[in-house]
Amino acid sequence: MKKVCIVGLIGRPNVGKSTLMNNILEYDLSIVSNTAQTTRDDIRGIYNEGDYQIIFIDTPGIHKPEFLLSEKLNQKSYKILEESDVVLFLTPGNEITGKGDKFIINKLNELNIKNKFALISKVDLVNDREKLNEKAMELKELGFSKVFGVGLNLKNTYIDLLDEIKKHTYESDELYPDDQIGDVSLRFMAKEIIREVALKNLYFEVPHSIGVMIDEFKEPNDETKPYVIHSTIFVKKDSQKAIIIGKNGSMIKTISMNSRKKMEQVFDHKIYLEIKVKVNDDWVDDEQKIKKLGY
């Protein structure tokens, strides 16, 4: 038996949900970038400490839908609220509590989420402590009984948060083995690594239009041989394909090389990686195409 708790992370895009989970797990399970809509799946990270097993669910950032894909991502985030024992609402300390934040807070109140805490992220980027205190008071007025602050290189802030979550655990059979850190496959991680590297190298409207599919994932039966991975990056129009390929193939070479290096680090094994780029016309607004790409 374990003391178990399922914790849903919710907030606008790019508020630090993936960073929070990765820092607690001390493992890069969920991809991170400065681009909105980075997380497209509900990714579960498993934190084990003694008798405790806490499942963190990283969700897509809730945002004003631009495409059908955006609506699907919002729906995924709302669904996670139903299965969470605790909900952590994240909002950055270096930003005001705006309309997007208040929309999500109202949603939490409508759904009568009882165990909900506010988490002010990126407090390491704020020098004015008075502003942080004001934001914490504002969040309490908006219905959060407890407000925490977290930031990079501030380990004690994570300890305080975990101590509070532990108060909401309950006796249960463990949901995952003790040595498991996430619920995603290596195939899934390969797809996400390619998308992460692409997002970090591309700008403007292209990131929102990128979908990645793993066409072949062959695990080696001999330790001296590499994983063989063939994948395709899909975009919604020809002009975006040209940007991803780059002049003389420079951009796709960079994406391929950096993706391979990160996979070798994560998998602790040699990788053979091949990436193609294809146009899938307006896939972000086509339900069948969205499903085919796994979203």
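From a predicted model like this one, the values you see are computed outputs, not experimental measurements. Computed over heavy atoms, backbone and side chain alike; hydrogens, waters and symmetry mates excluded.
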Notebook entry, point to check: Hydrophobic clusters join Ile, Leu, Val, Met, Phe, Trp and Tyr when side-chain heavy atoms are under 4.5 Å apart, directly or via other members; which others share one with Y52?
Noted result: none
Margin query: By the definition side-chain contact (heavy atoms from CB on, under 4.5 Å), identify the one residue from I57, I10, L161 that meets it with L88.
Written below: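 The single option meeting the side-chain contact (heavy atoms from CB on, under 4.5 Å) with L88 is L161.
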I'd like to know whether [atom1] of [X] has more than 12 heavy-atom contacts from other residues, nucleotides or ligands below 6.0 angstrom.
| X | atom1 | result |
| --- | --- | --- |
| K131 | NZ | no |
| D268 | CG | no |
| Q180 | CD | yes |
| M257 | CE | yes |

Item checked: Geometric class of the F144/F89 ring pair [parallel <30°, tilted 30-60°, perpendicular >60°] -> parallel
Show me the side-chain donor-acceptor pairs of residues 105-113 shorter than 3.5 Å, one per line, residues at least two apart or across chains.
residue, atom, partner, partner atom, Å
N106, ND2, K102, O, 3.2
N109, OD1, K116, NZ, 3.4
N109, ND2, I105, O, 3.4

Checklist line | Ring-ring centroid check Y227 F217, cutoff 6.0 Å | finding: yes
Once salt bridge (Lys or Arg N to Asp or Glu O under 4.0 Å) is applied, do any residues pair with [X], and if so which ones, sequence neighbours excluded?
| X | result |
| --- | --- |
| K218 | E216 |
| D178 | K2 |
| E264 | R260 |

Notebook entry, point to check: Are side-chain N/O atoms of Y176 and N48 paired as donor and acceptor at under 3.5 Å?
Noted result: no
Item checked: S250 and N248 side chains, donor-acceptor separation under 3.5 Å -> no
Please tabulate, one pair per line, all N/O donor-acceptor pairs under 3.5 Å involving side-chain atoms of residues 93-101, not counting sequence neighbours.
residue, atom, partner, partner atom, Å
E95, OE1, R12, NH2, 2.9
T97, OG1, E138, OE1, 3.2
D101, OD1, R12, NE, 2.9
D101, OD2, T91, OG1, 3.2
D101, OD2, G98, N, 3.4

Item checked: Heavy-atom pair of closest approach, residues D215 and S231 ->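 Minimum heavy-atom separation between D215 and S231: OD2-C, 3.2 Å.
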